[in-house]
Amino acid sequence: MAVVYFKTIYPAARITAFEADPFVCRYLDENLQRNGFTDVQVIRAALSAREGKLLFDSDAKYGSHIAAVSEGSGDPHWRRIEVPTVSLRGYLEEPVDFLKMNIESAEWEVLSDAADDLRAIREMVIEYHHLPGVPRTLHRILGLLDERGFEYMVNDLDSETNSGVRPPFRLDEDSQYFLLIYAKRV
């Protein structure tokens, strides 16, 4: 839906969309076709620090993420599939007005891999995922943005559906919350 939104607001925009989940790609293709958007480049791969393949869990509707390390984890209704991976670096060779990133806990890995090329981006919104069992990388992401000349602000997304940001606050190994990071080159 983000691609349709941006293409509707900015019809002349060149948009490159990365979608690893082949089930979700069907919806993306259908939405693009229904709206007559023939000039959107869809990369059917997950963003990663390495080119290759990785295991991916999908609910075949709208939820997906890189597969958990242990085979026994996850919802039994989800499908585990292998998907190709690409690096963001190769797509930052020319100026990027806006980058929207929602890659389910792979934010630090992808941004740090592309650190030297982030100068190509004017503005970005990153959905940061603080999930159980996932390394805490918010401080690294914010430090990297600062080092690369970005001013940023952090928002809690929505405390109604994002209960981890509602008082009383608690942080432990089971804490879960999402943040939006808006960054602009200064």
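One is the number of the first residue; the rest follow in order along the sequence. Note that the structure is predicted; figures quoted are calculated from it, not measured.
With hydrophobic clusters built from ILVMFWY side chains whose heavy atoms lie under 4.5 angstrom apart, Val4 shares a cluster with Ile9. Hydrophobic clustering, with ILVMFWY side chains joined whenever heavy atoms are under 4.5 angstrom apart, keeps Met1 apart from Ile103. When the side chains of ILVMFWY residues are joined at heavy-atom separations under 4.5 Å, either directly or via intervening members, Phe150 and Val110 end up in a single hydrophobic cluster. Note: the hydrophobic cluster containing Val125 does not contain Leu47 (ILVMFWY, side chain heavy atoms under 4.5 Å, direct or indirect links). Ile15 and Tyr5 fall within a single hydrophobic cluster, where Ile, Leu, Val, Met, Phe, Trp and Tyr are joined by side-chain heavy atoms under 4.5 Å apart, directly or via other members.
Rounded to the nearest 0.5 Å, atoms CG (Leu144) and NE2 (His139) are 11.5 Å apart. Atom-to-atom distance recorded for Arg170:CZ and Ser175:OG is 4.5 Å, nearest 0.5 angstrom. Distance CG/Leu111 to CE/Met101: 4.0 Å, rounded to 0.5 Å. Considering OG of Ser105 and OH of Tyr128, their distance stands at 7.5 Å, rounded to 0.5 Å. One finds the CG atom of Leu99 at 7.0 Å from the CD1 atom of Ile126 (value rounded to the nearest 0.5 Å). Here the straight-line distance linking atom CD1 of Ile141 with atom CD1 of Ile181 works out to 5.0 Å at 0.5 Å rounding.
The main-chain N or O of Ala46 is never found under 3.5 Å from a side-chain atom of Thr85 such that the two would form a donor-acceptor pair. Side chain of Arg122 to main chain of Pro95: no donor-acceptor pair is present (N/O by atom type, distance under 3.5 Å, no hydrogens or angles). Between the side chain of Asp158 and the backbone N or O of Thr161, at least one donor-acceptor pair lies under 3.5 Å. A donor-acceptor pair under 3.5 Å links the side-chain atoms of Asp21 to the main chain of Phe23, judged by distance alone. Remark: the backbone N or O of Leu118 is paired with a side-chain donor or acceptor of Arg185 at under 3.5 angstrom. Within the 3.5 Å criterion, the main-chain N or O of Asn162 finds no donor-acceptor partner in the side chain of Asp156.
Looking only at side-chain heavy atoms (C-beta outward), Val42 and Leu28 come within less than 4.5 Å of each other. No side-chain heavy atom of Val96 sits under 4.5 Å from any side-chain heavy atom of Met124. A heavy-atom distance below 4.5 Å is found between the side chains of Tyr152 and Leu142. Side-chain contact between Leu157 and Leu179 is absent, with no heavy-atom pair separated by less than 4.5 Å.
Within 6.0 Å of CD on Glu82 lie more than 12 heavy atoms contributed by other residues, nucleotides or ligands. For Arg136, the CZ atom sits in a packed shell: over 12 heavy atoms of surrounding residues, nucleotides or ligands are nearer than 6.0 Å. Residue Tyr182 qualifies as enclosed at atom OH: its count of foreign heavy atoms under 6.0 Å is above 12.
Here the shortest heavy-atom pairing between Lys100 and Asn102 reads NZ-CB, 3.9 Å. Listed here is the closest heavy atom pair of Ala114 and Leu92: CB-CD1, 4.1 Å. When all heavy atoms of Glu104 and Glu107 are compared, the closest pair comes out as N-OE2, 3.7 Å. Between Tyr177 and Val165, the shortest heavy-atom distance links the atoms CB-CG1, 3.9 Å. The heavy-atom pair separating Ala20 from Phe56 by the smallest distance is CB-CZ, 3.8 Å. Contact detail for Ser87 and Glu51: the closest heavy-atom pair is N-OE2, 2.9 Å.
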side-chain hydrogen bond (donor to acceptor under 3.5 Å, both in side chains) for Ser48 and Glu109? Distances and angles first, verdict last.
CA-CA 7 Å; Ser48 177; Glu109 175 187 337; 3.0 Å; yes
Working note: Phe37 + Thr8, criterion side chain to side chain contact (heavy atoms under 4.5 Å, CB included); need CA distance, chi angles, decisive distance, verdict.
CA-CA 9 Å; Phe37 301 136; Thr8 301; 3.7 Å; yes
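Residue pairs meeting the ring-ring contact (aromatic ring centres under 6.0 Å, His included) criterion with at least one partner in residues 85-114, sequence neighbours excluded, are Phe6-Phe98, Phe18-Tyr91.
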